[in-house]
Amino acid sequence: MVGERLTKALVTGDFDIYRQVMALPITIEPRGGEPVTLTDIDALQADFDLYRMAIKARRITDIYREIKEINQTEEGHFEVVCDLHILSHAERVVEPFESKMTLRKVGDDWRFCHIRSSLRHIQWTRGEAGL
């Protein structure tokens with residue numbers, strides 16, 4: 001599943017997998033904040049590097065997405081609504097929070113093209129705030 005591949009990429013630091021699960025351009029939209037659109041591989045690499053620094057700082061070992069619903073959009077994409085659980089071993093780093101991710105088909109693969117999450121989570125992954 002694409003969500004598990006995303007977790008593996010983030011937890012292990014494998015940018016190649018991260019690149020394979022993201023569709024460019026991809027929009028990252030924090031609730032209550034300004035969306036950011038990554039349009040090229042350099043911007044995606046910078047985003048990944050910031051996320052990895054945050055993961056290392058908090059000793060994150062797993063990210064679990066508890067799927068609540070899946071809806072097909074008019075464009076043929078799928079929007080997945082889930083509760084995001086960020087863990088360090090068996091302990092929660094933060095309380096679970098809702099995230100919405102839109103997937104579109106690229107070739108034979110489904111890839112993330114839009115991610116909506118809490119403002120604090122996006123600020124944390126971009127190195128702008130603590131979790």
Residue pair His114, Thr73: steps toward the side chain to side chain contact (heavy atoms under 4.5 Å, CB included) verdict: CA-CA 12 Å; His114 197 135; Thr73 68; over 6 Å; no
Taking only residues two or more places apart in sequence or in another chain, which ones pass side-chain hydrogen bond (donor to acceptor under 3.5 Å, both in side chains) with [X]?
| X | answer |
| --- | --- |
| Asp40 | none |
| Asp14 | none |
| Arg19 | Asp16 |

Just by distance, do the side chain of Ser117 and the backbone of Ser99 share a donor-acceptor pair under 3.5 Å?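 Answer holds: no.
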Interatomic distance, [X] atom [atom1] to [Y] atom [atom2] [nearest 0.5 angstrom]:
| X | Y | atom1 | atom2 | answer |
| --- | --- | --- | --- | --- |
| Arg111 | Leu6 | CZ | CG | 13.0 Å |
| Ile28 | Glu34 | CD1 | CD | 14.5 Å |
| Leu24 | Met22 | CG | CE | 9.0 Å |
| Lys100 | Asn71 | NZ | CG | 9.0 Å |

Using the rule that Ile, Leu, Val, Met, Phe, Trp and Tyr join whenever any side-chain heavy atoms are under 4.5 Å apart, tell me whether [X] and [Y] fall into a single cluster.
| X | Y | answer |
| --- | --- | --- |
| Val106 | Met101 | no |
| Val80 | Phe97 | yes |
| Trp110 | Ile26 | yes |
| Ile86 | Val81 | no |
| Met1 | Ile115 | yes |

For [X], all residues meeting side-chain contact (heavy atoms from CB on, under 4.5 Å), sequence neighbours excluded:
| X | value |
| --- | --- |
| Asp62 | Thr7, Leu87 |
| Asp108 | none |
| Arg5 | Ile17, Gln20, Val21 |
| Thr37 | Pro25, Thr27, Thr39 |

Partner set under ring pair (Phe, Tyr, Trp, His ring centres under 6.0 Å) for His85, not counting sequence neighbours: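 Once residues adjacent in sequence are excluded, the partners of His85 under the ring pair (Phe, Tyr, Trp, His ring centres under 6.0 Å) criterion are Tyr64.
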Which residues share a ring pair (Phe, Tyr, Trp, His ring centres under 6.0 Å) with Tyr18, sequence neighbours left out: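 Partners of Tyr18 by the ring pair (Phe, Tyr, Trp, His ring centres under 6.0 Å) criterion, ordered by chain and then number, come out as Phe48.
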Mind listing the closest non-hydrogen atom pair of Arg104 and Cys113 along with its distance?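 So the minimum-distance heavy-atom pair works out to NE-CB, 3.8 Å.
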Heavy atoms only: give me the nearest Val11-Ile55 pair and the separation to one decimal.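 Of all heavy-atom pairs spanning Val11 and Ile55, the closest is N-CD1, 4.5 Å.
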Listed once per pair and sorted, the salt bridge (Lys or Arg N to Asp or Glu O under 4.0 Å) pairs that draw on residues 65-86, sequence neighbours left out: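 Counting only pairs at least two positions apart or across chains, the salt bridge (Lys or Arg N to Asp or Glu O under 4.0 Å) contacts touching residues 65-86 are Lys68-Asp83, Lys68-Glu98, Glu79-Arg116.
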After noting the C-alpha distance and the side-chain angles of Val2 and Phe112, does the key distance pass the side chain to side chain contact (heavy atoms under 4.5 Å, CB included) rule? CA-CA 8 Å; Val2 69; Phe112 296 101; 3.7 Å; yes
Intermediate values then yes/no, side chain to side chain contact (heavy atoms under 4.5 Å, CB included), Lys56 and Arg52: CA-CA 6 Å; Lys56 288 179 189 177; Arg52 282 289 300 153; 3.1 Å; yes
Please tell me whether His77 and Gln72 have a donor and an acceptor in their side chains that are separated by less than 3.5 angstrom.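 Side-chain D/A pair, His77 to Gln72: absent.
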What do the steps show when you test Phe15 against Ile41 for side chain to side chain contact (heavy atoms under 4.5 Å, CB included), and what is the final call? CA-CA 10 Å; Phe15 179 70; Ile41 198 74; 4.0 Å; yes
